K.L.:
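Can you keep this structure in mind? I'll have questions shortly.
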Amino acid sequence: MIDKVCNNCGWTLNEFYASGMLGCEHCYKAFEKQIKQTLYKIQGKTFHTGKTPYNMGSIERQLLAEYKWLLNEKEKATLEGRFADIRPLSQQILEIAEELKKRGVL
């Protein structure tokens, strides 16, 4: 199967699945069908709203990046049938989500 590519930045769908991030705001439209459900799980919305909120410090950015990465890993584990990996990932996700909530990020 040929990897889908964003015409604006050249980011690929496989790069999104590997990193949990998109290359530019145009990627949302380019990969819309393939990533809509994943985006909703990661960020609670399926559209681009800009970069990191201005009030977020470096610790919060790091926690949020790890949170998004763990969500992506959990989804990949589920799709690949690695069910033994899902529980520990879920626990880590919950712990980070609680910390992000305390910091007002989630």
Side-chain angles (χ1 to χ4, degrees):
M1 180 176 174
I2 297 174
D3 195 16
K4 193 163 186 162
V5 177
C6 174
N7 291 332
N8 185 66
C9 69
W11 199 255
T12 67
L13 192 55
N14 282 337
E15 287 173 304
F16 167 75
Y17 287 127
S19 69
M21 297 189 304
L22 295 169
C24 73
E25 67 273 14
H26 300 283
C27 290
Y28 285 80
K29 192 67 175 165
F31 308 135
E32 183 176 26
K33 290 178 186 175
Q34 295 84 6
I35 66 172
K36 195 171 192 169
Q37 186 176 15
T38 302
L39 283 177
Y40 188 77
K41 289 178 186 176
I42 292 173
Q43 53 188 44
K45 54 190 170 287
T46 59
F47 53 92
H48 178 68
T49 57
K51 297 202 178 229
T52 306
Y54 71 94
N55 62 345
M56 194 182 305
S58 63
I59 293 172
E60 288 84 3
R61 281 189 197 98
Q62 185 178 2
L63 285 169
L64 188 58
E66 185 174 354
Y67 176 77
K68 290 176 181 180
W69 182 83
L70 287 167
L71 286 173
N72 188 45
E73 286 301 304
K74 181 180 173 186
E75 183 172 347
K76 286 194 310 189
T78 302
L79 292 172
E80 294 170 3
R82 294 183 286 118
F83 301 111
D85 295 341
I86 295 171
R87 186 177 207 141
L89 289 168
S90 295
Q91 184 60 40
Q92 288 177 293
I93 290 166
L94 287 173
E95 290 170 6
I96 293 174
E98 286 302 314
E99 184 62 30
L100 288 168
K101 285 177 188 173
K102 286 180 192 174
R103 295 172 178 266
V105 177
L106 287 183

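This is a predicted model, so every value here is computed, not measured. Position 1 is the first residue of the sequence, and the numbers go up from there.
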K.L.:
Which distance, rounded to the nearest 0.5 Å, do you find between the CG of D85 and the NZ of K76?
P.N.:
11.0 Å
K.L.:
Treating N8 as the side-chain partner and H26 as the backbone partner, does any N or O pair qualify as donor plus acceptor under 3.5 Å?
P.N.:
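Side chain of N8 to backbone of H26, a donor-acceptor pair under 3.5 Å: no, none is there.
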K.L.:
With rounding to the nearest 0.5 angstrom, report the CD1 to CD distance, I86 to E80.
P.N.:
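Rounded to the nearest 0.5 Å, the CD1-CD separation comes out at 10.0 Å.
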K.L.:
To the nearest 0.5 Å, what is the distance between CD on Q91 and CD1 on I96?
P.N.:
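Here the rounded value is 10.5 Å.
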K.L.:
Just by distance, with hydrogens left out, do Q62 and E66 show a side-chain donor and acceptor under 3.5 Å apart?
P.N.:
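Absent: no donor and acceptor within the cut-off.
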K.L.:
Side-chain contact test, heavy atoms from C-beta onward, threshold under 4.5 Å: evaluate it for L89 versus Q92 and give yes or no.
P.N.:
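They are in contact (side-chain heavy atoms under 4.5 Å apart), so the answer is yes.
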K.L.:
Report yes if the side chains of I59 and R103 come closer than 4.5 Å at any heavy-atom pair, otherwise no.
P.N.:
yes
K.L.:
For atom CZ of R82, is the number of surrounding heavy atoms from other residues, nucleotides or ligands below 6.0 Å larger than 12?
P.N.:
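Correct, the count exceeds 12.
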K.L.:
Minimum heavy-atom separation for A30 and C6, please, with both atom names.
P.N.:
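That would be CB-CA, 4.1 Å.
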K.L.:
To check you understand the geometry: which heavy-atom pair defines the closest contact between W11 and F16, and what is its length?
P.N.:
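Nearest heavy atoms, W11 then F16: NE1-N, 3.5 Å.
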K.L.:
Counting only heavy atoms not in L94, do more than 12 fall under 6.0 Å of its CG?
P.N.:
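Enclosed.
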K.L.:
With hydrophobic residues grouped by side-chain heavy-atom distances under 4.5 Å, do Y28 and V5 end up in a single group?
P.N.:
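Different clusters: Y28 never reaches V5 through Ile, Leu, Val, Met, Phe, Trp or Tyr contacts under 4.5 Å.
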K.L.:
Step by step, would you call E75 with L79 a side chain to side chain contact (heavy atoms under 4.5 Å, CB included)?
P.N.:
CA-CA 6 Å; E75 183 172 347; L79 292 172; 4.1 Å; yes
K.L.:
Kindly give the heavy-atom pair with the smallest separation between I35 and C27, and that separation in Å.
P.N.:
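Looking at all heavy atoms of both residues, the closest pair is CD1-O, 4.4 Å.
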K.L.:
Looking only at heavy atoms, what is the nearest atom pair of T12 and F31, with distance?
P.N.:
C-CZ, 3.7 Å
K.L.:
Taking all non-hydrogen atoms of both residues into account, name the closest pair between P88 and A84 and its distance.
P.N.:
CD-O, 3.3 Å
K.L.:
Please round to the nearest 0.5 Å and tell me the distance separating atom CD of E15 and atom CG of L22.
P.N.:
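Result: 10.5 Å between the selected atoms.
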K.L.:
Between I93 and Y67, does the side chain to side chain contact (heavy atoms under 4.5 Å, CB included) criterion hold? Intermediate values first, please.
P.N.:
CA-CA 6 Å; I93 290 166; Y67 176 77; 3.6 Å; yes
K.L.:
Give the minimum heavy-atom separation between F83 and T78, together with the two atoms involved.
P.N.:
CE2-O, 4.3 Å
K.L.:
Can you tell me how far CD of E60 sits from CD of E99, rounded to the nearest 0.5 angstrom?
P.N.:
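One gets 8.5 Å once the value is rounded to the nearest 0.5 Å.
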K.L.:
Do K74 and L70 have side chains that get closer than 4.5 Å, going by heavy atoms?
P.N.:
no
